[in-house]
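Comments concern the structure below.
Side-chain atoms are counted along with the backbone in the values below, which use heavy atoms only and exclude waters and symmetry mates.
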Amino acid sequence: MEEARGGEAIVDMDNGNPKEDGEQPRRTLGFGNAYMIPQRQPTNFTLMQTVLLSYQALGVVYGDIGTSPLYVFSSITLPNPGEKDILGILSLIFWTLTMMGLIKYVVIVLHADDHGEGGTFAIYSLLRQNIHFKGKMIMPSTRLDSDSNLRYYSRRSGLHSKAHKFLEKNSKAQILITIIVLLGTCMVIGDGALTPAISVLSAVQGIQSRSSKITQDDVVILSVVILLILFLFQRFGTSKVSFSFSPIMLLWFGFIASIGVYNIIKFYPPVLKALSPHYIYYYFARNHKKGWELLGAIALCITGAEAMFADMGHFSKHAIQLAFSTLVYPALILAYAGEAAFFIKNPDKISTTFYSSVPDPIFWPMFVVATLAAVVASQALISASFSIIRQSIVLGCFPRVTMTHTSDKYEGQVYSPEVNYFLMIASILITVGFKGGAEIGNAYGVAVIWVMLITTFLMAVVMLVIWETNILFVLLFVIVFVGIEGVYMTSLLHKVPQGGWVPFAISAFFLVITLSWTYGRSKKSEYEAIKKMDRVQFNQLVACSTRVPGICFFCTDLINGIPPIVRHYVQHVSSLREVMVFVTVRTLPVRSVLPEERFLVAKLDSEGVYRCLVQYGYMDKHNMEGEEYIASVVSALKEIVENAQESEMLDSALNSGAIFVLGRIILQVSERSGWWRHFIINNLYRFLQKNFRSNVATLRIPHDKILQVGMVYEI
């Protein structure tokens with residue numbers, strides 16, 4: 001009989017669901033509903049904590065969108081612009097910032113967080129918590145029925161909408177959503193390489209407006225040096241970076257708002273009349289196709305809006321909303337209005353609008369602040385890239401990389417050296433390759449709008465399935481924002497050959513990794529689900545094996561069931577330790593797991609065979625070193641022993657020594673499969689498996705206690 005701490009685990013062996021009354025239950029060799037953790041309440045920040053986090057957010061989240069005045073007007077190439085043309089451009093900028101930044105992201109999208117985590121993967125996580133995803137290309141799920149008791153689990157009403165039922169039954173729709181999510185996250189990572197290049201270059205190029213001796217090559221070299229310093233600084237952590245960058249951004253927003261007011265008063269006080277949308281009509285009526293082509297440059301004003309959502313895990317929703325609504329948004333409107341006022345009186349200086357509009361006495365202080373702010377701008381997407389990779393690893397669709405948590409106070413502040421150095425190399429190559437040309441702006445605009453379109457699509461699904469919003473409001477949301485983003489996208493498509501291909505190339509690189517890893521993981525899980533041993537088979541295997549003194553910890557990813565590699569192990573060793581414990585490690589999205597909550601154990605039918613679920617928080621060190629750890633597991637097992645004899649057996653096994661058995665699974669595609677599956681599994685997936693960190697790399701198991709068992713899964 002199987003017993004478990006925390007409750008009895010009687011579930012259907014095949015699907016994990018309870019049997020109806022009157023049926024003979026089959027007992028799974030796992031936890032089932034025994035996995036019960038006391039529900040933790042979300043963190044509630046005080047007003048002062050929210051204000052402090054808002055201040056911190058300036059240094060991480062808002063650098064990108066905050067520095068867009070550096071390059072928006074200078075990216076516009078309109079011959080002989082008149083007053084109405086400039087007012088029309090300003091009107092487009094104002095309404096784009098208002099509709100996309102304020103209404104879409106701050107008011108709507110930020111509410112689609114997964115208990116503090118943001119980004120496209122957070123939306124996907126919400127959907128997976130409410131919809132049972134299945135299919136060949138779906139990331140394997142480790143969710144248990146009792147996960148609804150966890151803090152991070154999102155609840156929905158009992159009324160299942162038609163959209164929910166459709167997605168539950170339609171595996172093709174689930175696969176489509178999965179691929180769209182992966183594409184969106186890969187595009188954001190591409191932004192992480194493009195943002196530093198365009199931000200730093202745009203800031204440094206300002207020096208050319210005051211010195212003819214500075215060449216473009218000098219600008220590129222200086223930009224590369226700044227980028228190197230920025231990326232090397234990442235290892236100190238988001239918290240230290242944000243506290244050092246936040247004063248810079250506070251100074252930056254104060255500068256651009258003040259200069260904007262100065263330029264409005266000095267050059268064209270009525271410029272704020274451009275807030276009326278009828279000037280947009282005048283703009284297109286006067287410029288026709290040329291006005292449409294320039295939308296790609298105007299779209300740069302909203303770059304970084306996605307970072308507000310993606311970087312939410314570093315701070316809090318209310319802190320990000322507070323900072324944008326009270327400081328960032330008003331400062332940007334004043335800055336653009338001031339540039340437009342200057343531009344109306346000085347139409348010949350469009351290529352250097354920002355720096356030319358800065359009063360001479362404060363030019364050099366402004367240049368220094370602008371350069372530092374451009375460095376901060378890069379931080380937003382770099383931090384977002386770290387968060388996205390972390391989320392994708394947790395969801396099982398990206399190979400494991402080193403992920404270091406840099407704060408013991410706030411969840412989600414992470415750093416990955418591998419991702420950091422990839423972004424550094426990509427940014428430097430883009431900077432040197434394009435040398436500050438218009439191609440960088442084209443590439444950046446394409447990436448930004450594609451990510452926004454993907455977010456709009458996913459938000460519509462969330463509204464229908466999770467929020468159960470009225471269909472009319474969902475249609476209104478889709479029509480308005482797909483309409484706006486679609487118009488910008490049509491303008492940017494013709495710039496794909498002129499640098500717009502870069503984000504697609506970066507996205508394709510990461511998409512190949514994620515799809516190959518996801519497909520391989522799904523095939524591995526599918527094989528183990530089919531080939532796993534049932535209770536009768538396992539009991540027969542144990543009965544036929546010789547028992548030797550000691551404890552064997554068999555590490556497996558399966559929470560329920562015995563993996564087929566156990567049969568392979570026994571066939572070759574022909575013996576089992578006196579005590580055998582199946583260990584599954586699971587990382588939970590809580591800061592730390594208390595020692596008394598670390599282990600959940602269950603006794604299987606066979607004598608001396610147990611299952612143990614080891615739980616870690618995101619700040620806990622995964623450490624299986626030392627006799628203390630082994631003694632802790634044995635102590636947990638003693639809590640479910642049935643008699644003194646069993647307790648003595650555990651003590652005797654502990655004194656005889658312990659060994660950790662790890663499976664090394666190699667997927668091998670059968671000959672009858674097509675060449676495409678051969679290439680993905682035998683080449684791509686196997687390469688990723690060999691060259692990235694293994695699942696047990698972070699467990700720090702002592703090497704003298706490890707026995708690795710290899711097995712080929714032929715699929």
Checklist entry - Would you call the rings of Phe324 and Tyr329 parallel, tilted or perpendicular, where under 30° means parallel and over 60° means perpendicular? => result tilted
Checklist entry - If only atom types and distance count, is the side chain of Ser427 paired as donor or acceptor with the main-chain N or O of Ala197 below 3.5 Å? => result no
Checklist outcome for this item: Between Leu58 and Ala323, the two heavy atoms sitting closest are CD2-CB, 4.4 Å
Item to check | Donor-acceptor pair, side chain of Tyr62 and main chain of Leu327, under 3.5 angstrom | outcome: no
Checklist entry - How long is the span from the CG atom in Leu476 to the CZ atom in Phe481, to the nearest 0.5 Å? => result 8.5 Å
Checklist entry - CZ of Phe94 to OG1 of Thr96: how many Å apart, nearest 0.5 Å? => result 10.5 Å
Checklist entry - Is the charged tip of Lys345 near the ring of Phe267: under 6.0 Å from the six-membered ring centre and within 45° of its axis? => result no
Checklist entry - Do the ring centers of Trp364 and Phe367 come within less than 6.0 Å of each other? => result yes
Next on the checklist: Do Ser357 and Tyr262 pair up side chain to side chain, a donor and an acceptor below 3.5 Å, judged on atom types alone?
Outcome noted: no
Checklist entry - Centres of the Tyr283 and Tyr279 rings: under 6.0 Å? => result no
Next on the checklist: Apply side-chain contact (heavy atoms from CB on, under 4.5 Å) to residues Met463 and Phe473 and explain how you reach the verdict.
Outcome noted: CA-CA 9 Å; Met463 288 178 173; Phe473 289 106; over 6 Å; no
Next on the checklist: Is it the case that the side chain of Ser74 and the backbone of Tyr71 share a donor-acceptor pair, with hydrogens and angles ignored and the cut-off at 3.5 Å?
Outcome noted: yes
Checklist entry - Under a 4.5 Å cut-off applied to non-hydrogen side-chain atoms, are Ile344 and Leu87 in contact? => result yes
Checklist entry - Are Phe343 and Pro81 side-chain neighbours, meaning at least one heavy-atom pair lies under 4.5 Å? => result yes
Next on the checklist: Is the shortest side-chain heavy-atom distance between Ile256 and Phe253 below 4.5 Å?
Outcome noted: yes
Next on the checklist: Check the orientation of Phe509 and Phe422. Use parallel for under 30°, tilted for 30 to 60°, and perpendicular for over 60°.
Outcome noted: parallel
Checklist outcome for this item: Closest non-hydrogen contact found for Tyr105 with Ala305 is CD2-O, 3.8 Å
Checklist outcome for this item: Between Leu227 and Pro196 the two heavy atoms that sit nearest each other are CD2-CB, 3.4 Å
Item to check | Evaluation steps, side-chain contact (heavy atoms from CB on, under 4.5 Å), between Leu127 and Val462 | outcome: CA-CA 7 Å; Leu127 292 174; Val462 169; 4.2 Å; yes
Checklist entry - What heavy-atom pair brings Trp467 and Ile108 nearest, and what distance separates the two atoms? => result CH2-O, 3.8 Å
Checklist entry - So, does Thr490 use its side chain to make a donor-acceptor pair with the main chain of Val487 at under 3.5 Å? => result yes
Next on the checklist: With a 4.5 Å cut-off on side-chain heavy atoms, are Leu294 and Ile89 touching?
Outcome noted: no
Checklist entry - For the residue pair Trp95 and Ser276, what are the closest heavy atoms and their distance? => result NE1-C, 4.2 Å
Next on the checklist: Would you compute the distance between atom CG of Leu275 and atom OG of Ser91 and round it to the nearest 0.5 angstrom?
Outcome noted: 7.0 Å
Checklist entry - Which is it for Ile382 and Phe231 under the side-chain contact (heavy atoms from CB on, under 4.5 Å) test, yes or no, and what are the steps along the way? => result CA-CA 9 Å; Ile382 294 172; Phe231 282 103; 3.4 Å; yes
Checklist entry - Does Trp252 reach the main-chain N or O of Ala374 with its side chain, forming a donor-acceptor pair under 3.5 Å? => result no
Checklist entry - Does Ser202 reach the main-chain N or O of Ser199 with its side chain, forming a donor-acceptor pair under 3.5 Å? => result no
Next on the checklist: I'd like to know whether CG of Asp348 has more than 12 heavy-atom contacts from other residues, nucleotides or ligands below 6.0 angstrom.
Outcome noted: yes
Checklist entry - Below 4.5 Å, heavy atoms only, C-beta onward: do Asp218 and Leu222 meet side chain to side chain? => result no
Checklist entry - Would you say Ser491's side chain and Trp292's backbone share a donor-acceptor pair under 3.5 angstrom? => result yes
Next on the checklist: Looking at every heavy atom in both Ile103 and Met99, which two are closest together, and how far apart are they?
Outcome noted: CB-O, 3.5 Å
Next on the checklist: Checking the side chain of Trp450 only, and the main-chain atoms of Gly184 only, is there a donor and an acceptor separated by less than 3.5 Å?
Outcome noted: no
Checklist entry - Mind checking whether Val474 and Asn470 have side chains closer than 4.5 Å, heavy atoms only? => result no
Item to check | Donor-acceptor under 3.5 Å (Thr67 side chain, Asp64 main chain) | outcome: yes
Checklist entry - Between OG1 of Thr303 and CD1 of Ile198, what distance do you get to the nearest 0.5 Å? => result 7.0 Å
Checklist entry - Do the non-hydrogen side-chain atoms of Ile506 and Cys186 ever get within less than 4.5 Å of each other? => result no
Item to check | Side chains of Pro247 and Tyr55 in contact at under 4.5 Å (non-hydrogen atoms) | outcome: yes
Checklist entry - What do the steps show when you test Leu300 against Ser75 for side-chain contact (heavy atoms from CB on, under 4.5 Å), and what is the final call? => result CA-CA 9 Å; Leu300 295 176; Ser75 300; 3.8 Å; yes
Item to check | Lys273 vs Glu83, salt bridge (Lys or Arg N to Asp or Glu O under 4.0 Å): CA-CA, chis, key distance, verdict | outcome: CA-CA 12 Å; Lys273 66 183 180 181; Glu83 178 184 323; 3.6 Å; yes
Checklist entry - Under the 3.5 angstrom rule, does the side chain of Thr514 hit a backbone N or O of Leu182 as a donor-acceptor pair? => result no
Next on the checklist: If you take the centroid of each ring, where Trp contributes its six-membered ring, are Phe284 and His288 closer together than 6.0 Å?
Outcome noted: no
Checklist outcome for this item: Rounded to the nearest 0.5 Å, the CD1 atom of Ile264 sits from the CD atom of Glu339 at a distance of 11.0 Å
Next on the checklist: Within this structure, what is the CD1-OG distance for the pair Ile298 and Ser68, rounded to the nearest 0.5 Å?
Outcome noted: 12.5 Å
Considering only distance and modelled atom types, tabulate donor-acceptor pairs under 3.5 Å from the side chains of residues 453-461, sequence neighbours left out.
{"residue": "Thr455", "atom": "OG1", "partner": "Glu306", "partner atom": "OE1", "Å": "3.1"}
{"residue": "Thr455", "atom": "OG1", "partner": "Glu306", "partner atom": "OE2", "Å": "3.2"}
{"residue": "Thr455", "atom": "OG1", "partner": "Val451", "partner atom": "O", "Å": "3.0"}
{"residue": "Thr456", "atom": "OG1", "partner": "Lys104", "partner atom": "NZ", "Å": "2.7"}
{"residue": "Thr456", "atom": "OG1", "partner": "Met452", "partner atom": "O", "Å": "3.0"}
{"residue": "Thr456", "atom": "OG1", "partner": "Glu485", "partner atom": "OE1", "Å": "2.9"}
{"residue": "Thr456", "atom": "OG1", "partner": "Glu485", "partner atom": "OE2", "Å": "3.2"}

Checklist entry - Does the ring center of Phe363 lie less than 6.0 Å from the ring center of Tyr355? => result yes
